[in-house]
Enquirer: 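Got a structure for you, questions after.
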Amino acid sequence: MGQGAYSTVFEGLMDLDGVQERVVLKRVKQGVEGAEEMVEMEALMNINASKGTARGAVAAFLGYCWVEPRDAAGELTPGLWLVWRYEGSNTLASYLNRRDGLDALAADLGVAPSDVIQTATGQILSALAELHAAGLVHRDLKPANIILAEAERRLKLIDLGGCADLRSGTNYVPGECIYDPLYCPPELYVLPTAGPHIAKSLLAQATSSMLWARHKPDRYDCWSAGITLLCLAVPTLRNDAALLRFQQELEAADYELDAWRASSRFVKPTDFAALDADGGAGWELARDLLRPRDIVVAADGAVDFVASSEVRRISAADALK
Ligand code: ADP
Ligand code: MG
């Protein structure tokens with residue numbers, strides 16, 4: 001089904017208590033440095049996300065297994081395999097790549113075409129809010145990692161390989177960033193780069209609570225949700241070249257979305273019709289999600305967040321309201 005840097009994704013059938021279930025399998029690529037650790041982390045993140053309240057926010061994880069060389073049979077080659085329920089055949093990216101994509105998405109979500117952007121955005125924010133409430137930050141939110149679960153008519157998050165559990169510190173190394181340059185926020189990091197290593201801290205829970213309260217790492221994903229909202233609502237922005245240009249122009253406009261819109265050299269006023277409807281409610285939401293964070297970059301490149309109780313970029317839960 002797909003291929004990333006560290007893994008290959010397959011579709012398959014699995015016998016679960018006598019019932020043939022359509023499943024998705026991900027296998028570590030052999031001979032790629034760090035690949036095994038990445039996929040092991042992805043398994044852990046799926047376990048963490050599925051055991052609590054974030055369960056419905058992510059694709060249903062069925063488990064993982066090691067295939068030993070001597071047990072390898074047919075196409076199930078040796079190595080670590082992760083298995084999910086097959087949720088559906090479309091990601092948000094595949095809808096957005098089609099000319100009739102929003103109509104198709106509306107039909108699959110069971111809503112009127114005029115409601116589709118609002119419904120989809122609400123579902124994405126609600127999945128994010130659930131993930132964040134569980135202490136997890138996705139770090140790779142984008143249309144390609146949002147799948148339509150056909151049976152539930154709900155958008156769910158997939159691809160937790162870059163997800164950080166900031167309660168336990170699992171899959172989090174200070175100063176390490178895992179990002180897609182088109183969707184990640186300008187500050188690049190979830191937390192200050194010289195901050196404590198939560199997993200190695202003796203008081204991991206207290207450290208984690210302090211870091212969440214002070215720096216609000218969940219806001220990383222909120223930026224990505226803002227970009228995703230723009231992709232949904234502004235057809236001109238629905239390709240990588242346009243997103244790159246948007247990013248350059250936004251930076252030149254000091255990250256003021258209104259100033260960008262007024263100065264952009266490639267969008268037209270009518271491109272924003274969906275966001276301007278209802279007194280500009282969608283535009284206001286995009287503006288609140290796409291606010292920069294105040295950071296200080298030291299001479300050695302360390303990135304610190306300005307500790308302030310006021311982080312202007314809103315949380316997924318507040319955006320949902
Ligand atoms: P990668 O690391 O290669 O980006 P992903 O986890 O994003 O891996 O999965 C790659 C592709 O496989 C997705 O874009 C999607 O099309 C498909 N896919 C992944 N998980 C599921 C699932 N649970 N149900 C259906 N399709 C899935
Ligand atoms: Mg992916």
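In listed order, ligands and their atoms are each counted from 1. Everything numeric here is computed off the predicted structure, so don't read it as measured data.
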Enquirer: Is the CD atom of Glu21 crowded by more than 12 outside heavy atoms at less than 6.0 Å?
Expert: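 Atom CD in Glu21 is crowded, with more than 12 foreign heavy atoms closer than 6.0 Å.
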Enquirer: Does ligand 1 have any atom sitting under 4.0 Å from a heavy atom of Lys156?
Expert: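 Lys156: no contact with ligand 1 (<4.0 Å).
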Enquirer: Just need the protein heavy atom nearest to atom 19 (C) of ligand 1, so name the residue and atom and give the distance.
Expert: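 For atom 19 (C) of ligand 1, the nearest protein heavy atom is Ile158 CD1, 3.7 Å.
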Enquirer: Among protein heavy atoms, which lies nearest atom 24 (N) of ligand 1, and at what distance?
Expert: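 For atom 24 (N) of ligand 1, the nearest protein heavy atom comes out as Glu87 N, 2.9 Å.
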Enquirer: Going through the distances and angles, do Asp159 and Lys26 end up as a salt bridge (Lys or Arg N to Asp or Glu O under 4.0 Å)?
Expert: CA-CA 10 Å; Asp159 208 351; Lys26 192 178 255 197; 3.3 Å; yes
Enquirer: Just checking, any donor-acceptor pair under 3.5 angstrom between side chains of Glu176 and Thr193?
Expert: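 No.
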Enquirer: Strictly under 2.8 Å, is the Mg ion (ligand 2) approached by any N, O or S atom of Asp159?
Expert: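 Within the cut-off used here (under 2.8 Å), Asp159 does place an N, O or S atom near the Mg ion (ligand 2).
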Enquirer: For atom 17 (C) of ligand 1, what is the closest protein heavy atom, and at what distance to 0.1 Å?
Expert: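 Ranked first by proximity to atom 17 (C) of ligand 1 is Met1 CE, 3.8 Å.
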Enquirer: Of all the non-hydrogen atoms in the protein, which one sits nearest to atom 27 (C) of ligand 1, and at what distance?
Expert: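 Checking every protein heavy atom, the shortest distance to atom 27 (C) of ligand 1 gives Ile147 CD1, 3.5 Å.
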Enquirer: In the protein, what heavy atom is nearest to atom 3 (O) of ligand 1, and what distance, to one decimal place, separates them?
Expert: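 In this structure, atom 3 (O) of ligand 1 has Gly4 N, 3.4 Å as its nearest protein heavy atom.
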Enquirer: Hey, is ligand 1 close enough to Glu42 that some N/O pair sits below 3.5 Å?
Expert: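 So ligand 1 has no N or O lying under 3.5 Å from an N or O of Glu42.
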Enquirer: Whether Arg261 engages the ring of Trp283 as a cation-pi pair (distance to the six-membered ring centre under 6.0 angstrom, angle to the ring normal within 45°) should be assessed.
Expert: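 That pair qualifies as a cation-pi contact.
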Enquirer: Does any N or O of ligand 1 fall below 3.5 Å from an N or O anywhere on Arg85, backbone included?
Expert: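 Yes; at least one N/O pair falls below 3.5 Å.
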Enquirer: Can Thr53 and Glu130 be counted as having a side-chain donor-acceptor contact under 3.5 angstrom?
Expert: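 Distance-only check fails for Thr53 and Glu130.
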Enquirer: Give me the one residue out of Asp221, Asp165, Asp218 that meets side-chain contact (heavy atoms from CB on, under 4.5 Å) with Leu136.
Expert: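 The side-chain contact (heavy atoms from CB on, under 4.5 Å) with Leu136 is passed solely by Asp165 among Asp221, Asp165, Asp218.
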Enquirer: Out of all atoms in ligand 1, which are within 4.0 Å of some heavy atom of Trp84? Include the element for each.
Expert: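 By the 4.0 Å cutoff, the relevant atoms are 23 (N).
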Enquirer: Identify the protein heavy atom lying closest to atom 20 (N) of ligand 1, giving its residue, its atom name and the separation to 0.1 Å.
Expert: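 It is Val24 CG1, 3.8 Å.
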Enquirer: Ala59 near ligand 1, heavy-atom distance under 4.0 Å?
Expert: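 The answer is yes: ligand 1 sits under 4.0 Å from a heavy atom of Ala59.
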Enquirer: With no hydrogens and no angle check, do the side chains of Arg27 and Ser7 hold a donor and an acceptor under 3.5 Å apart?
Expert: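 The answer is no; no qualifying pair exists.
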Enquirer: Decide yes or no on ring-ring contact (aromatic ring centres under 6.0 Å, His included) for Tyr255 and Trp260, but give the supporting numbers first.
Expert: CA-CA 8 Å; Tyr255 294 101; Trp260 164 73; over 10 Å; no
Enquirer: Identify, by atom number and element, the atoms of ligand 1 in contact range of Asn145, meaning under 4.0 Å from any of its heavy atoms.
Expert: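 Contacts of ligand 1 toward Asn145, numbered from 1: 7 (O).
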Enquirer: Hydrogens and angles aside, do Lys156 and Gln123 bring a side-chain donor and acceptor to less than 3.5 Å of each other?
Expert: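 There is no such pair (donor and acceptor under 3.5 Å, judged by atom type) between the side chains of Lys156 and Gln123.
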Enquirer: Is the closest heavy-atom distance from Gly88 to ligand 1 below 4.0 Å?
Expert: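 Yes, that is the case, since the closest heavy atom of the residue is under 4.0 Å from the ligand.
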Enquirer: Looking at non-hydrogen atoms alone, which of Val9, Thr91, Val58 comes nearest to atom 15 (C) of ligand 1?
Expert: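 Nearest option to atom 15 (C) of ligand 1, by heavy atoms: Thr91.
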Enquirer: Would you say ligand 1 has an N or O under 3.5 Å from any N or O of Tyr86?
Expert: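 In this structure, Tyr86 places no N or O atom under 3.5 Å from an N or O of ligand 1.
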Enquirer: Does Ser208 use its side chain to pair, donor to acceptor, with the backbone of Leu166 at less than 3.5 Å?
Expert: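 Yes, the answer is positive, given that a donor and an acceptor are paired below the 3.5 Å cut-off.
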Enquirer: Closer than 4.0 Å to some heavy atom of Ala144 - which atoms of ligand 1 meet that?
Expert: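 With Ala144 as reference, the close atoms of ligand 1 come out as 14 (O).
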Enquirer: Any carboxylate oxygen within less than 4.0 angstrom of a Lys/Arg side-chain nitrogen, looking at Arg287 and Asp258?
Expert: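 Asp258 and Arg287: salt-bridged.
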Enquirer: Distance to 0.1 Å, residue and atom name: give those for the protein heavy atom nearest to atom 1 (P) of ligand 1.
Expert: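 Looking only at protein heavy atoms, the one closest to atom 1 (P) of ligand 1 is Asp159 OD2, 3.5 Å.
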Enquirer: Kindly indicate whether atom 11 (C) of ligand 1 is approached by any protein heavy atom to under 4.0 angstrom.
Expert: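 Looking at atom 11 (C) of ligand 1, one finds that no protein heavy atom lies closer than 4.0 Å.
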Enquirer: Cluster question for you: counting only ILVMFWY and a side-chain heavy-atom cut-off of under 4.5 Å, with indirect links fine, are Leu141 and Val311 together?
Expert: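 No; tracing contacts between hydrophobic side chains, which count when under 4.5 Å, never links both residues.
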Enquirer: Side chain or backbone, does Lys26 bring an N or O within less than 3.5 Å of an N or O on ligand 1?
Expert: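 N/O-N/O distance under 3.5 Å: yes.
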Enquirer: Taking distance alone, with no angle check, do Gln3 and ligand 1 share an N/O pair under 3.5 Å?
Expert: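 For ligand 1, there is no N or O atom that lies under 3.5 Å from one belonging to Gln3.
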Enquirer: Within the 3.5 Å criterion, strictly below it, is a donor on Tyr64 or Asn46 matched to an acceptor on the partner's side chain?
Expert: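 No, Asn46 and Tyr64 have no side-chain donor paired with an acceptor closer than 3.5 Å.
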